[in-house]
Amino acid sequence: MTMSTAADIGKIETNSLEIKKCFTNYRYIIPEFQRGYSWDESNLSAFWNDITKENSSTKPSNHFLGATVVYFIEKGDNHPDKYGIIDGQQRLTTSQILLAALRDYIDELKSIAHDHVDTEYTTLVAELDDQQKITHDYLVRRHEDHGTRYATLNSEDYYYKKVINQTLSIEPTTNNSYNTAIEDAYNFFTTQLHSALEDLDIDSALAKIIEIRKELLTSSIVQIETPNVVSASIIFETLNARGMPLSTEDLIKNLLIRKGAKQEDDPKVISDDWNKICKLASELDEEPNPIEAERQPGKFIRHSWFSRRPLTTQRDFYAAITSAFEEGSLRAADYLQELHEDYKLYSLFNDEDITPIQRSRDRSPQAIPEVVDTLRALTIFKVTAHYPLLLSTMRKYRARHIQKKHLIALCRALEVFFFYSLKDKRNGRIGELFARHALAIHTATNQNRTINAVNDVIDYLHSRIPKDEVARELVFKDLTYTNKGKKKKGNTKPAIVRYILIKFGQHANRIPLGVPHHIENYSVEHILGDRKANRDDIPLDVHKLGNLLILNRNVNSTLPERFSDKKELLRKAAGYVDPILESWIDTPGFEISPQDLEARLNYLSKLAATEIWTIKPQS
């Protein structure tokens, strides 16, 4: 990362502060472009345990809560100056939520004390009132000149205003949405207090509350104060590089604000745009992925970058982005526009139910049925290494630098390559090669060079599929499929079998291009039905391609069991009627033998290997 100079940053001050001073000597706001409060129970438990653990001679009573980075907003009018929080809002907000829980528990103690009428409890109620006010004053303070009150940490969150600092007296009629994480944190601390104090008398409970409040307020932070949001962003970024880890998305957003914000409202505009992109990309995740490199939106951000620029390791990715901005080769507005453009294409990936659309003015690849079929197939194969390559190529198609036939040819080559690679684990570095080809396509300066760059990829893919026709046929001969509940070792996934059988039907023009493959539309049929297929004297060939065909699911559910009773229905409704199946249907009283199944398996395997799953070299 290029280091910023002191002149870039301006004057900074670093102060070691107790939380008490934070909420008496400063006013904080959480900028709208900051991500929301997000601490979960594990974070809250660690915070609570740190505040409430017993002191000892070897453990100082002052707890250190970490560092915060803030930037100056405005001078106070005989009350504290206002600062925006760039880093540290989770800790400061949690401190305020705990104070609110302590304040409200005192209110519960007051309700109990009010039930007693003797003088002792009257005095206790007055003490409870005082302690409740003292606690609340760290959340909302009074201006010493004119008596108006101000929040020490201001958040626009509805729940925060309503429950935590209680600055909301009029219910809004429009926007009263709130961050449930704040409510969860408040409920967590309330539960912890009940557990710790419910068996104590009022005096002892109040004493414990005062003790917890003292431990919190005497906890310390290191506050780094900067003159403006850009300076704060630089410090924040540098701290992260020194071991305060953030997500790549947060770092890039911070970089965009630092490099792109020129006017007062720019940080929010940039942040809103960035958050929109990240939200859209995150919605592409079907399920949480434990592997960081496979999670959205980071995955989309990297694929978009590598479709235009040289590949880097994940560790060096942010440094590469930073360098592009520092060198002046990239501007924030242009980069955001890139991401919006790429998302329109990227959203077509990883969708098994994708269907073609009508032709569009922007030359959407989704208007090409052959491309849609490949995108669906690659999703079924669960591969992603091709994403930067397809992004780069699709952009060139939309820019009219290649024709539809070139995009179709590349998609078909990718589909065939990955199909033969399903059981081949030797393609671990294919992503690196695809990224290099993606860059070559992106940087091609005219139509001929773009076409040549696309053809280079196709030729490479052709060189990587099995050259021996017999080896390709063996891939299809090894496929097995059994009905649910009758799985055998080596059974092929149903989605792969449906894909293959539909591909036969498309090759014969009996199934339209672009049709979704999901089980609600099509199901796999054993020609020799379940009863025959499960007899001990019938070999495993009944579960292979020679005994399989694809049918509309509604038709399949009405078929008779015996071949002789259903063969005419198969002639009309099967997705593909090959010459061997047709001869079985045409022969009166025909009984299918293991040898017949093997003959059809050989025929279909040869057809697949020589006509359907092949790549035509371009040079």
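- Atom CG of residue L479 and atom CG of residue L422 lie 9.5 Å apart, to the nearest 0.5 angstrom.
- Annotation: the span from I321 atom CD1 to I252 atom CD1 amounts to 3.5 Å, rounded to 0.5 Å.
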| query | Where do S282 and Q296 land on the side-chain hydrogen bond (donor to acceptor under 3.5 Å, both in side chains) test, with the steps shown first? | reply | CA-CA 5 Å; S282 295; Q296 297 290 9; over 6 Å; no

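- The shortest distance between side-chain heavy atoms of L597 and K544 does not fall below 4.5 Å.
- With rounding to the nearest 0.5 angstrom, the CZ atom of R412 is 8.0 Å from the CH2 atom of W613.
- Residues L461 and V416 have side chains not in contact (no heavy-atom distance under 4.5 Å, counting atoms from C-beta outward).
- In summary, R498 and E352 do not engage in a salt bridge, as defined by a charged side-chain N under 4.0 Å from a carboxylate O.
- Minimum heavy-atom separation, S392 to A438: OG-O, 2.8 Å.
- Y460 and F417 have their aromatic ring centers separated by at least 6.0 angstrom.
- Side chains of Y522 and I511 form a contact here, defined as non-hydrogen atoms less than 4.5 Å apart.
- You'll find the side chain of D578 stays beyond 4.5 Å of the side chain of L549, heavy atoms only.
- Taking the six-membered ring for Trp, Y318 and W305 have ring centres at least 6.0 Å apart.
- A salt bridge links D334 to R331: at least one charged side-chain nitrogen sits closer than 4.0 Å to a carboxylate oxygen.
- The environment of R562 atom CZ is sparse: at most 12 non-hydrogen atoms of other residues, nucleotides or ligands sit within 6.0 angstrom.
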| message | Show, in sequence, the C-alpha distance, side-chain angles and deciding distance for I441 and V457, and conclude whether the side chain to side chain contact (heavy atoms under 4.5 Å, CB included) test is met. | response | CA-CA 10 Å; I441 292 169; V457 186; 4.2 Å; yes

| Criterion side-chain hydrogen bond (donor to acceptor under 3.5 Å, both in side chains) on Y499 and E415, from CA distance to verdict | CA-CA 11 Å; Y499 154 76; E415 183 179 339; 2.6 Å; yes

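- A donor-acceptor contact under 3.5 angstrom links the side chains of R395 and S307, judged on distance only.
- Inspection of the Y603 and E598 side chains reveals no N or O donor paired with an N or O acceptor under 3.5 Å.
- Between the CG atom in L375 and the CD atom in E370 there is a gap of 11.5 Å [rounded to 0.5 Å].
- Side-chain contact of D273 with H340: a donor-acceptor pair under 3.5 Å is present, judged by distance alone.
- A salt bridge does not link K572 with E568: every distance from a Lys NZ or Arg NE/NH1/NH2 to an Asp or Glu carboxylate oxygen is 4.0 Å or more.
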| task | Any chance you could lay out the side chain to side chain contact (heavy atoms under 4.5 Å, CB included) test for F300 and L280, step after step, and finish with the verdict? | result | CA-CA 10 Å; F300 161 64; L280 289 169; over 6 Å; no

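- To the nearest 0.5 Å, atoms CZ (F419) and CG (L378) are separated by 12.5 Å.
- The pair D351-R376 fails the salt-bridge criterion, with no side-chain N (NZ, NE, NH1 or NH2) lying under 4.0 Å from an Asp/Glu carboxylate O.
- When every heavy atom of I430 is checked against every heavy atom of A385, the shortest pair comes out as CG2-CB, 3.8 Å.
- Taking the six-membered ring for Trp, F434 and F306 have ring centres at least 6.0 Å apart.
- In this structure, the side chains of Q366 and S364 come closer than 4.5 Å at one or more pairs of heavy atoms.
- Put simply, the side chain of K259 does not reach to within 4.5 Å of the side chain of L330, judged on heavy atoms.
- Between D272 and K268, at least one side-chain nitrogen of the basic residue sits less than 4.0 Å from a carboxylate oxygen of the acidic one, meeting the salt-bridge criterion.
- D586 and S583 share no side-chain donor-acceptor pair at under 3.5 Å.
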| Going through the checks in order, is the salt bridge (Lys or Arg N to Asp or Glu O under 4.0 Å) test met by R295 and E249? | CA-CA 11 Å; R295 290 177 186 161; E249 305 92 79; over 6 Å; no

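- The minimum heavy-atom distance between A609 and E469, with the atom names listed, is CB-O, 4.2 Å.
- L339 approaches S304 most closely through the heavy-atom pair CD2-OG, 3.7 Å.
- In this structure, Y346 has its ring center closer than 6.0 angstrom to the ring center of F349.
- Between E341 and R308 a salt bridge is recorded (basic side-chain N to carboxylate O distance below 4.0 Å).
- Taking 4.5 Å as the limit, some side-chain heavy atom of L501 sits within range of a side-chain heavy atom of L545.
- A donor-acceptor pair shorter than 3.5 Å can be found between the side chains of N602 and K477.
- Residues I408 and Y397 have side chains not in contact (no heavy-atom distance under 4.5 Å, counting atoms from C-beta outward).
- The aromatic rings of Y158 and Y178 sit tilted, their planes meeting at an angle between 30° and 60°.
- Residue S271 holds its OG atom at 12.0 Å from CG of D266, rounded to the nearest 0.5 Å.
- Residues H507 and Y576 have side chains that never bring a donor and an acceptor to within less than 3.5 angstrom of each other.
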